[in-house]
Amino acid sequence: MPIEDTPTFTVINDNPSFGELVTGFRPSDYGVIAASTTIPTVVGLSFGKPAPRIAGAMLCLIGVTGGFTIALQNSAGRLLGFKENEESAKHTRFRLLTVRLVPSEKEEDDTVYMNR
């Protein structure tokens, strides 16, 4: 799959924070986390000889980490406009914010000022 430079869908947030990425999870993302946690855990408990509990726990940890990473990547792709995001764009709470350290001559409604 080629690397895309420009987003093909609506950009919802061009610089999402970790909290916005997690808030942007869809039910399918939670399903990915659940499946990638459950399946390796069951495999580890079933086939992990001689210590099935340790194998199950380790595979559970690996599965939840991998599933969360995939869900985070899917959410980032939607917010940045690289994946389909029609539903998210219509119902989004996110706005593009311009962050400046010093107020400029021309002030905008969605400008956030940071104090040092």
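As the structure is a computational prediction, the values presented were derived from the model and not from experiment. We count residues from 1, following the sequence as given.
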Donor-acceptor pairs under 3.5 Å, side chain of residues 31-48 to any protein atom, not counting sequence neighbours: which ones?
| from | atom 1 | to | atom 2 | distance (Å) |
| --- | --- | --- | --- | --- |
| Ser36 | OG | Val32 | O | 2.9 |
| Ser36 | OG | Ile33 | O | 3.2 |
| Ser36 | OG | Gly63 | O | 3.0 |
| Ser36 | OG | Gly67 | N | 3.4 |
| Thr37 | OG1 | Ile33 | O | 2.7 |
| Thr38 | OG1 | Ala34 | O | 2.7 |
| Thr41 | OG1 | Thr37 | O | 2.6 |
| Ser46 | OG | Val42 | O | 2.8 |

Under 3.5 Å donor-acceptor pairs involving side-chain atoms of residues 53-62, not counting sequence neighbours:
none

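Remark: Gln73 engages no residue in a side chain to side chain contact (heavy atoms under 4.5 Å, CB included) (not counting sequence neighbours). When the ring pair (Phe, Tyr, Trp, His ring centres under 6.0 Å) test is applied to Phe68, the partners found at least two apart in sequence or on another chain are Phe25.
Within the structure, no pair that satisfies the salt bridge (charged side-chain N to carboxylate O under 4.0 Å, His left out) test touches residues 42-51, not counting sequence neighbours. Listed by first and then second residue, the salt bridge (charged side-chain N to carboxylate O under 4.0 Å, His left out) pairs involving residues 65-80 are Asp29-Arg78 (not counting sequence neighbours).
Within the 3.5 Å criterion, the main-chain N or O of Glu86 finds a donor-acceptor partner in the side chain of Glu84. The backbone N or O of Thr10 lies less than 3.5 Å from a partner atom in the side chain of Asn85, making a donor-acceptor pair.
In plain terms, the two heavy atoms of Val22 and Leu72 that are nearest each other are CG2-CD1, 4.2 Å.
Cluster annotation: Ile70 is not connected to Phe18 through the hydrophobic network of ILVMFWY side chains, with a link wherever side-chain heavy atoms come within less than 4.5 Å.
Here the CG atom belonging to Leu21 is positioned 8.5 Å from the CG atom belonging to Asn13, to the nearest 0.5 angstrom.
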